[in-house]
Amino acid sequence: MVRSGIDNITVLGSTGSVGVQALAVAEARGFKITALAAGSNASLLERQARKYRPKAVAIADKTAYPALKQSLADTDIAVLAGADSVCEVGAMPCGRAVNAVVGIAGLRPTLAALESGNSVALANKESLVAGGELVMSRGVLGESIFPIDSEHSAIWQCMQSSAREDVKGIILTASGGPFYGMRRDDLQNVTTQQALKHPNWDMGAKITTDCATLMNKGLEYIEAMRLFGLTHEQIEIVVHRQSIVHSAVQYNDGAVIAQLGVPDMRQAIQYALTFPRRLPVTGKHLSLTDYGSLTFAKPDLDTFICLSACLLAAKKGGLYPCIANGANEQAVSLFLSGKIGFLEIGELVMAAVEDLKIDGGCTLDAVEAADRAAREFVLTKLRSCVHSSKARNDGGFTAVPR
């Protein structure tokens, strides 16, 4: 089968939405699977291991290890456990490591894969948001780093036809999420079920929540700065409800080149694995007449504070993007477990970016320290608000009074 020059891939985050799709693309294209890694879904990881017969599998959740080890005892597949094991399998020699891990947990595996000489097909945006300088000092776009996010894949594809110095800026599109057009008063009582109903994409709980708050677009804004070497002034975020224009590049001569396609991650995944070839992919192809019209609008920065917080973090620079990401990861976890309301996610993230004082260069230790500081800030703010609420005996609280 004709494809790129790689034969084997490793998939990190194999049990998540992008990981599952990456395995389907790899199977269709005839790639062999070197290794798999997952967070805690041992049952699906076992099924994947039996189907694809990798050399090794890793499960980050150590409590899931005994059962997984026992279930694969009749195979010759090595079974590893713990966060370090994800890095270990990511560093195993392969053609390309797909990093579909969710959150800053994907940073160390990205670095491990690159440092081992593997190229990386990158869906883990937090690697670039929190540690972009570390990642880009170890890899080169289009040579050892291949973006999987549909927006960044689109930008990368649009940039291939012209010289980098001819780029004026980029248009980063956003679906607007399930609450587009709503104001803060409309979002006071949003449930997790409502937040997890994305209009166009099928993703995991954390990323879908990020799309509902527009945090995901804020992370992608910072990711684009890192990946393409842009300033924050060169990026315009545009709400495009149909998710057909995945993003566009503006050139100095006034031309705007966009990449279009149906909302399907498989095209971006396959292109990251088969570059520079464009091979057939199963699924629906785009028909513009089926859509009839495409719309574009500015984002509501007053309602969707997470996006505003990311824009501020990008302007402040340094470790502040890491602060925004860490605060968001902690706040989303609290929201999904029912401990805070939907609007409080953005309030907590903005408070962390505004109030935390953080110094230090972009070292791995500094990045991880900033991440811990942001998470502790959120938890401390939550504890103080709960305490104040109990003192008032009003039965509720606002995480960050504004």
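Numbers here simply count residues along the sequence, with the first being 1.
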Indicate yes or no: does [X] engage [Y] in a salt bridge with an N to O separation below 4.0 Å.
X    : Y    : result
E46  : R50  : yes
E133 : R226 : no
R184 : E347 : yes

Keeping H240 on the side-chain end and V245 on the backbone end, is there a donor-acceptor pair under 3.5 Å? yes
Would you say D149's side chain and E220's backbone share a donor-acceptor pair under 3.5 angstrom? no
Least distance between heavy atoms, L227 atom then M136 atom: O-CE, 3.9 Å
Between [X] and [Y], do the side chains contain an N or O donor and an N or O acceptor separated by less than 3.5 Å?
X    : Y    : result
T363 : D365 : no
S333 : E329 : no
N325 : D371 : no
T110 : S127 : yes

Taking atom CD as the centre, does Q70 end up with more than 12 heavy-atom neighbours from other residues, nucleotides or ligands that are less than 6.0 angstrom away? no
May I have the list of side-chain donor-acceptor pairs in residues 312-324 shorter than 3.5 Å, sequence neighbours left out?
from : atom 1 : to   : atom 2 : distance (Å)
K316 : NZ     : V353 : O      : 2.8
Y320 : OH     : L356 : O      : 3.0
Y320 : OH     : I358 : N      : 3.4

